[in-house]
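As structure tokens, the structure follows; a few thoughts come after it.
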Amino acid sequence: MPELPEVETVRRSLAPRIVGQVFRSVDVDFPGCLEGLAPHELNERLRGRCVEGTFRLGKYLGFSLDSGASLVIHLRMTGRLIFCEATHFEKTEYTRAVFHFVSGKAVRFDDQRKFGRVMWFANQSSLERRLALGYEPFDPRLGEREFSELLSGRRRSIKSFLLDQKHIAGIGNIYADEGLFRAGIAPWRPAGTLSQAEAARLLKAVREVLAEGIEYKGTSLRDYVDGDGRKGGFQERLRVYGREGKPCCLCGAAVERVVLAGRSSFYCPRCQA
DNA sequence: AATGGCCTGGTG
DNA sequence: CACCAGGCCATT
């Protein structure tokens with residue numbers, strides 16, 4: 001499940017390989033993965049364009065083009081972007097699109113569940129309007145005070161709040177649970193009931209867990225791999241996520257699971273309140 | 001702010 | 001054979 005650390009890891013693995021590459025063509029095997037444009041339109045807009053840089057916004061991965069436009073991809077749950085050297089390149093049964101460069105190299109977009117999306121934006125403002133994302137978690141403008149302010153008066157659960165991309169972008173189910181555990185806060189607490197100290201603790205914990213996730217190159221529970229097909233290592237360091245019934249690493253109590261905001265939420269009944 | 005839909009492979 | 005995983009979006 002690519003969340004911020006996984007998307008950032010994919011970005012870092014692809015950047016050195018594709019910056020400077022010029023698009024030749026795009027094969028679209030599953031047109032449903034394109035949002036808002038047809039395969040021939042995407043081809044027209046990419047052909048001959050050079051990739052000038054890469055960026056990440058929340059869980060979206062972007063490539064900025066010399067036309068001023070950008071190609072943006074969301075991996076959703078099972079999406080993968082795999083860099084292919086010209087010599088060994090083959091599609092899989094889950095290949096939804098292939099971006100070919102004039103160099104002969106390519107990037108394959110594979111996605112088992114067909115949830116992932118490929119988008120194209122003419123400029124920055126149309127992109128921002130469409131994605132409508134909140135703060136980047138590491139944005140220095142998001143201080144303890146601002147975070148506390150965001151929470152105040154909200155009755156929805158803190159877990160559900162953390163998952164809402166229009167407030168803070170990039171946090172998914174895994175890193176939300178891990179951040180809440182590290183902050184010692186129960187996931188069902190109404191967001192507005194967190195004290196200033198708790199809010200500060202949570203912001204710090206979320207930042208730490210995301211940074212550590214990037215450091216370990218993401219969590220590979222199932223499908224996730226980076227642009228070179230490599231798995232991450234953060235799954236070894238998860239303290240509560242997916243550990244129902246197993247002992248808490250701090251107190252030994254059995255980790256519990258509850259459904260919140262329609263999602264499994266794992267927590268330690270003793271360490272989190 | 002909460003809920004159902006989109007998807008499909010793996011599991012009970 | 002039903003159900004679960006879980007991003008985001010549309011609907012209520």
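Naming: A, B, ... by sequence-line order, numbering from 1 per chain. Because the structure is predicted, anything quoted here is derived from the model rather than measured.
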| request: Assess whether side-chain hydrogen bond (donor to acceptor under 3.5 Å, both in side chains) is satisfied between A/Lys159 and A/Ser265, documenting all intermediate values. | output: CA-CA 8 Å; A/Lys159 168 76 181 271; A/Ser265 297; 2.7 Å; yes
Would you kindly give the [atom1]-to-[atom2] distance between [X] and [N], to the nearest whole Å?
| X | N | atom1 | atom2 | answer |
| --- | --- | --- | --- | --- |
| A/Leu221 | B/dG10 | CG | C1' | 15 Å |
| A/Asp111 | C/dC8 | CG | C1' | 13 Å |
| A/Leu57 | C/dC8 | CG | P | 13 Å |
| A/Leu151 | B/dA1 | CG | P | 12 Å |
| A/Tyr94 | B/dC7 | OH | P | 16 Å |
| A/Leu260 | C/dA5 | CG | P | 13 Å |
| A/Asp164 | C/dC9 | CG | P | 11 Å |
| A/Arg96 | B/dC6 | CZ | C1' | 13 Å |

| request: Using the aromatic ring of A/Phe115 (for Trp, its six-membered ring), decide whether it stacks on the base of C/dC8 within the limits of 5.5 Å and 30°. | output: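 No, the aromatic ring of A/Phe115 does not stack with the base.
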Between [X] and [N], is there a contact of a side-chain N or O with OP1 or OP2 at under 4.0 Å?
| X | N | value |
| --- | --- | --- |
| A/Arg130 | C/dC8 | no |
| A/Arg117 | B/dC7 | no |
| A/Gln165 | C/dC8 | yes |
| A/Lys114 | B/dC6 | no |
| A/Thr78 | C/dG7 | no |
| A/His74 | C/dG7 | no |

Nucleotide nearest [X] (side chain, heavy atoms from C-beta), chosen from [options]:
| X | options | result |
| --- | --- | --- |
| A/Gln112 | B/dG9, C/dG7, C/dC8 | B/dG9 |
| A/Arg156 | B/dA2, B/dC7, C/dG7 | B/dA2 |
| A/Arg154 | B/dA1, C/dA5, C/dC8 | B/dA1 |
| A/Tyr60 | B/dG9, C/dG7, C/dC9 | C/dC9 |

| request: Using the closest heavy atom to pick a nucleotide of DNA chain C for each, name whichever of A/Ser264 or A/Glu35 lands nearer the 5' end. | output: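 The 5'-side residue here is A/Ser264.
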| Test: A/Arg237 and A/Glu212 ion pair at under 4.0 Å |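 Judged by the 4.0 Å cut-off on N to carboxylate O distance, A/Arg237 and A/Glu212 do form a salt bridge.
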| task | Compute whether any side-chain donor of one residue and acceptor of the other, for A/Tyr267 and A/Glu244, lie under 3.5 angstrom apart. | result |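 A/Tyr267 vs A/Glu244: no donor-acceptor pair found between side chains.
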| said: Looking only at side-chain N and O atoms, does A/Thr78 offer a donor or acceptor that is under 3.5 Å from a partner on A/Tyr94? | reply: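 Result is no, nothing qualifies.
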| said: Between A/Arg47 (side chain only) and A/Ser25 (backbone N and O only), is there a donor and an acceptor less than 3.5 Å apart? | reply: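 Side chain of A/Arg47 to backbone of A/Ser25, a donor-acceptor pair under 3.5 Å: no, none is there.
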| Polar pair under 3.5 Å, donor/acceptor by atom type, side chain A/Arg263, base C/dG7 |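 Yes, a donor-acceptor pair under 3.5 Å.
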| query | Is any side-chain N or O of A/Arg155 under 3.5 Å from a base N or O of B/dA1, one able to act as donor and the other as acceptor? | reply |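 No pair found.
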| message | Which is more 5' along DNA chain B, the nucleotide nearest A/Glu93 or the one nearest A/Ser160? Just name the residue. | response |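 The residue closer to the strand's 5' end, by nearest nucleotide, is A/Ser160.
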| task | Report the residue (A/Arg222 or A/Ser157) whose heavy-atom-nearest nucleotide on DNA chain B is the more 5′ of the two. | result |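 This one resolves to A/Ser157.
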| Check against side-chain hydrogen bond (donor to acceptor under 3.5 Å, both in side chains), A/Thr9 and A/Asp226 | CA-CA 6 Å; A/Thr9 303; A/Asp226 72 9; over 6 Å; no
